[in-house]
Amino acid sequence: YGKVSLGDEPKGRLVCERLIPFDAVPKELWIQFTDVEEFKRREPELLSTIMDSEGSDSVIIYVKKEKMRVRLFFSLLQYIAMSIVLISPRLLKKFANFEVPVEVHISVTAFAFLGLVLGDGLNFYGKIGWWDSLLHFTSGIILSFIALWLLQMLILRRKYLFMHRALLYIFVVAFSLAVGAVWELCEYTVDDIFHTNNQQYMATTRATIVSSDDEPLEGHDALADTMKDLALDLAGAILVVCYECSKKEITQYYVSKKD
């Protein structure tokens, strides 16, 4: 630390008043993260790294805005999908003359809220490891009851319809698995277009929005989440079938025999 004196002499002078070691000079450290999720995930590691600092240096955290825009856009899509679910009974009534029971509408709406708003919008998939498994198991149950409701609507419209109880159960399970498979195709398409992590193919995160530092699973492990989701759909459907088997009036309620 010092000062420069020029005066009238042709050569200036540098007057040193105090020596300051390089280690004592305040430093400024800039750290860039791809998104907020990555920063939160690596925050403990960062704190443990800078814990030895004396506190005279500055640490500046920088988050790329591009990823934030992706999250905002993706969240907007989730809320639009949620709005469509809310008005779906009215659309079915208008265009297909289908009267959706209140119980079915409430169940689907609650499921959409848990998946679209809490799961994707508020990142419950990344914060709670079993959230995705819970929703897939629940979806198997809800889809099975929807299958039974569709059969009931079909029977009411066609008074003379025969269906063996075993076929009824097979239809319920097949319907749940078929919708679950279509859902997996939709997840794959969204992941391919928006570079998201709906199918949980990343090894370093379970969040829907991924960063450039995240690493994908390889080989057989990359299929584990899809297979687990379909297995949970199947388990939910089997649970509904077991419940319906315990009801004596199932044949009369859902199946109408020929005269």
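We number each residue from 1, following the sequence as shown.
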Would you kindly confirm whether [X] and [Y] end up in one hydrophobic cluster when ILVMFWY residues are joined by side chain heavy atoms under 4.5 Å apart?
{"X": "L230", "Y": "V179", "result": "no"}
{"X": "L114", "Y": "W130", "result": "yes"}
{"X": "I80", "Y": "W183", "result": "no"}
{"X": "V173", "Y": "F137", "result": "yes"}
{"X": "Y243", "Y": "L168", "result": "yes"}

Sequence neighbours left out, what passes ring pair (Phe, Tyr, Trp, His ring centres under 6.0 Å) with F111? Give chain and number order.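 Partners of F111 under the ring pair (Phe, Tyr, Trp, His ring centres under 6.0 Å) test: none.
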
How long is the span from the [atom1] atom in [X] to the [atom2] atom in [Y], to the nearest 0.5 Å?
{"X": "L239", "Y": "L234", "atom1": "CG", "atom2": "CG", "result": "11.0 Å"}
{"X": "S144", "Y": "W149", "atom1": "OG", "atom2": "CH2", "result": "14.5 Å"}
{"X": "Y169", "Y": "L148", "atom1": "OH", "atom2": "CG", "result": "9.0 Å"}
{"X": "S133", "Y": "D229", "atom1": "OG", "atom2": "CG", "result": "6.5 Å"}
{"X": "D225", "Y": "N197", "atom1": "CG", "atom2": "CG", "result": "8.0 Å"}
{"X": "Y188", "Y": "T196", "atom1": "OH", "atom2": "OG1", "result": "12.0 Å"}

Validation row: [X], [Y] side chains within 4.5 angstrom (heavy atoms):
{"X": "I146", "Y": "V108", "result": "yes"}
{"X": "F175", "Y": "L143", "result": "yes"}
{"X": "E244", "Y": "F145", "result": "yes"}

Closest contact, heavy atoms only, [X] versus [Y]:
{"X": "V172", "Y": "A147", "answer": "CA-CB, 4.2 Å"}
{"X": "Y125", "Y": "Q200", "answer": "CB-NE2, 4.5 Å"}
{"X": "D132", "Y": "K228", "answer": "OD2-NZ, 3.7 Å"}

May I have all residue pairs that pass salt bridge (Lys or Arg N to Asp or Glu O under 4.0 Å) and include part of residues 167-188, sequence neighbours excluded?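 Every candidate salt bridge (Lys or Arg N to Asp or Glu O under 4.0 Å) pair involving residues 167-188 fails, so no pair, neighbours aside, qualifies.
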
Polar contact flag, side-chain donor to acceptor under 3.5 angstrom, D233-S176: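 The answer is no; no qualifying pair exists.
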
Main chain of L118, side chain of W131: is a donor-acceptor contact present, judged purely on distance under 3.5 Å?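 A pair under 3.5 Å: no.
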
